[in-house]
Amino acid sequence: MLTADQINSYHENGYVIPDYRLADDVLVNIRRDHDRLILNYPEFRNYCPNILAYDLSFLNYARFPKILDMVEQVIGSDFALWNSSFFAKPGINGQATPWHQDGEYWPIRPLATCTVWMAIDTATADNGCLRLIPGSHKRQVLRQHRINSDPNLTLNQELLPDEYSEKEAIDLILEAGQISLHDIYMVHGSMENRTPHSRRGMTLRYMPTTSIFDRDLASRQASEKGLLDHTERTLFLMRGTDLSGANDFRVRR
């Protein structure tokens, strides 16, 4: 469980690193599952935006009670997993992720999500660890983004340069097995990996069920703005009930 100070840090700074580690055997299993994913789908060598659409074994890692306990502490007792991604960032030529806010391209209204970021390998400043700007979530607004279609980036959504100050950024250095939690409005990104060491990270996206996963909005975002198409995401109720009464939990593949 998060301490009172850690909960305060999440709300004040937009992120927290809990006193929690994935067990060694869990890391071995995730790496094995990821190796299988890449063997079957080599196009996801750098980034798989929706691993659950290709291998439901990853869902097991989203159900750990201690992780769900911490998520509940920051977004409430009724929530669903709506996505899980894998940022592999392999050695030598691992792709960068531009500065962005997750909420810019997510079809959730009202915008609300706690992201759990799992360090599957040690993440350092040298191999492209997550970088974030503490407190950048506080206004709870989306800043101006632009489309950047550089094929060497994992995402095509990028904040305009005058929307943030990189001088305020910190490196989220994590040992393998550590996790972090961050808010949907957090400004963050990561550098490329030029070291010989991979920097694998798995994300779990939990939204409170007071919000609605808007599939019509997802379709419009994809067709009108060229954003990643989230229309066919499957929602998994993790705890509580669907307070909105409007979320669709039908299984999609």
Side-chain angles (χ1 to χ4, degrees), residues 2-3 5-19 46-47 49 74-75 85-106 111-176 178-203 205 225 227-228:
L2 298 172
T3 66
D5 286 344
Q6 288 170 332
I7 295 171
N8 183 66
S9 176
Y10 179 85
H11 292 299
E12 287 298 312
N13 298 314
Y15 78 101
V16 67
I17 302 173
D19 301 321
N46 263 282
Y47 171 51
V74 296
I75 65 171
S85 303
F86 211 107
F87 293 83
K89 209 178 284 276
I92 306 302
N93 57 0
Q95 293 179 342
T97 298
W99 288 100
H100 68 285
Q101 292 169 294
D102 292 331
E104 172 65 14
Y105 62 102
W106 288 354
L111 279 172
T113 290
C114 170
T115 291
V116 175
W117 202 98
M118 296 176 163
I120 310 307
D121 300 313
T122 295
T124 69
D126 292 332
N127 70 3
C129 67
L130 196 65
R131 305 190 73 213
L132 50 83
I133 298 179
S136 55
H137 70 300
K138 291 293 285 292
R139 287 187 292 153
Q140 297 287 286
V141 296
L142 293 178
R143 308 180 189 202
Q144 290 296 308
H145 289 68
R146 63 186 176 189
I147 298 290
N148 184 341
S149 299
D150 185 337
N152 294 313
L153 296 175
T154 59
L155 303 175
N156 68 354
Q157 290 297 296
E158 180 180 46
L159 275 167
L160 295 179
D162 60 355
E163 289 286 355
Y164 67 97
S165 172
E166 195 165 350
K167 292 185 295 185
E168 300 173 1
I170 65 164
D171 293 322
L172 197 67
I173 296 172
L174 299 174
E175 295 180 3
Q178 286 189 289
I179 70 170
S180 66
L181 282 64
H182 69 260
D183 182 82
I184 193 170
Y185 288 99
M186 171 64 68
V187 172
H188 63 290
S190 65
M191 302 292 286
E192 67 275 7
N193 180 13
R194 300 302 181 207
T195 76
H197 309 292
S198 65
R199 193 240 63 182
R200 286 168 290 189
M202 178 177 165
T203 60
R205 319 287 197 180
K225 296 184 178 181
L227 299 182
L228 186 67

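- Looking at heavy atoms from C-beta onward, Pro90 lies in side-chain contact with Asn46 at the 4.5 angstrom threshold.
- Between the side chains of Gln157 and Asn148, not a single donor N or O lies within less than 3.5 Å of an accepting N or O.
- For the pair Gln101 (side chain) and Val141 (backbone), a donor-acceptor distance under 3.5 Å is present.
- The shortest heavy-atom contact between Ser180 and Ile17 is CB-CG1, 4.3 Å.
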### Message
Assess the residue pair Met202 and Phe87 against the criterion (side chain to side chain contact (heavy atoms under 4.5 Å, CB included)); give the C-alpha distance rounded to whole Å, side-chain angles, the decisive distance to 0.1 Å, and a yes or no.
### Response
CA-CA 6 Å; Met202 178 177 165; Phe87 293 83; over 6 Å; no
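- A donor and an acceptor atom, one from each side chain of His188 and His100, are located under 3.5 Å apart.
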### Message
Quick one, Leu132 with Leu172, criterion side chain to side chain contact (heavy atoms under 4.5 Å, CB included). Give me CA distance, side-chain angles, the key distance, then yes/no.
### Response
CA-CA 7 Å; Leu132 50 83; Leu172 197 67; 4.1 Å; yes
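- Side-chain contact between Ser136 and Tyr164 is absent, with no heavy-atom pair separated by less than 4.5 Å.
- For the residue pair Ala125 and Ile173, the shortest heavy atom distance occurs at N-CG1, 4.3 Å.
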#### Entry: Residues Glu12, Lys138; criterion salt bridge (charged side-chain N to carboxylate O under 4.0 Å, His left out); working and verdict
CA-CA 7 Å; Glu12 287 298 312; Lys138 291 293 285 292; 3.2 Å; yes
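- A heavy-atom distance below 4.5 Å is found between the side chains of Leu155 and Tyr105.
- Within 6.0 Å of CE on Met186 lie more than 12 heavy atoms contributed by other residues, nucleotides or ligands.
- Once rounded to the nearest 0.5 Å, the distance linking OH of Tyr47 with CG of Leu153 reads 12.0 Å.
- The line from OG of Ser9 to CG of Leu2 is 9.5 Å long, rounded to the nearest 0.5 Å.
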### Message
Let's go through Asp121 and Arg199 carefully: what are the C-alpha distance in whole Å and the side-chain angles of both, what is the deciding distance for salt bridge (charged side-chain N to carboxylate O under 4.0 Å, His left out) to 0.1 Å, and is it a yes or a no?
### Response
CA-CA 5 Å; Asp121 300 313; Arg199 193 240 63 182; over 6 Å; no
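- For the residue pair Thr115 / Thr203, no side-chain donor-acceptor distance below 3.5 Å is found, with atom types taken as modelled.
- Heavy atoms only, all atoms of each residue included: Trp99 and Ala169 are closest at CH2-CB, 3.5 Å.
- With respect to Arg194 and Asp126, no salt bridge is recorded, no charged nitrogen being found less than 4.0 Å from a carboxylate O.
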### Task
Evaluate side chain to side chain contact (heavy atoms under 4.5 Å, CB included) for Leu159 paired with Glu104, printing each intermediate quantity in order.
CA-CA 9 Å; Leu159 275 167; Glu104 172 65 14; over 6 Å; no
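- Applying the salt bridge (Lys or Arg N to Asp or Glu O under 4.0 Å) rule to Glu163 yields no partners; only residues at least two apart in sequence or on another chain are considered.
- Thr195 and Asn193 form a side-chain donor-acceptor contact under 3.5 Å, judged by distance and modelled atom types alone.
- In this view, Glu175 and Arg21 satisfy the salt bridge (Lys or Arg N to Asp or Glu O under 4.0 Å) rule, not counting sequence neighbours.
- A distance of 7.0 Å separates OG1 in Thr3 from CG in Asp19, rounded to the nearest 0.5 Å.
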### Task
Applying side chain to side chain contact (heavy atoms under 4.5 Å, CB included), run through His182 and Asp102 and close with a yes or a no.
CA-CA 10 Å; His182 69 260; Asp102 292 331; 3.4 Å; yes
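- Residues Ser149 and Asn156 bring no donor and acceptor atom of their side chains to less than 3.5 Å of each other.
- Within the 4.5 Å cutoff, the side chain of Thr124 has no heavy atoms near those of the Cys129 side chain.
- Two residues are said to be in side-chain contact when any heavy atoms from C-beta on lie closer than 4.5 Å; Ile147 and Lys225 fail this criterion.
- Interatomic distance, CD1 of Ile179 versus CD1 of Ile120, reported as 10.5 Å (0.5 Å rounding).
- Residues Cys114 and Tyr10 share a closest heavy-atom pair of CB-OH, 3.6 Å.
- When side chains are defined from C-beta on, Lys89 counts as touching Ser190, because their heavy atoms get closer than 4.5 Å.
- Under the 4.5 Å side-chain criterion, counting only non-hydrogen atoms from C-beta, Thr122 is not in contact with Leu174.
- Closest heavy-atom contact between Pro49 and Ser85: O-OG, 2.7 Å.
- For the pair Tyr15 and Asp183, the minimum side-chain heavy-atom distance is 4.5 Å or more.
- Comment: Asp171 engages Arg131 in a salt bridge, judged by a side-chain N to carboxylate O separation of less than 4.0 angstrom.
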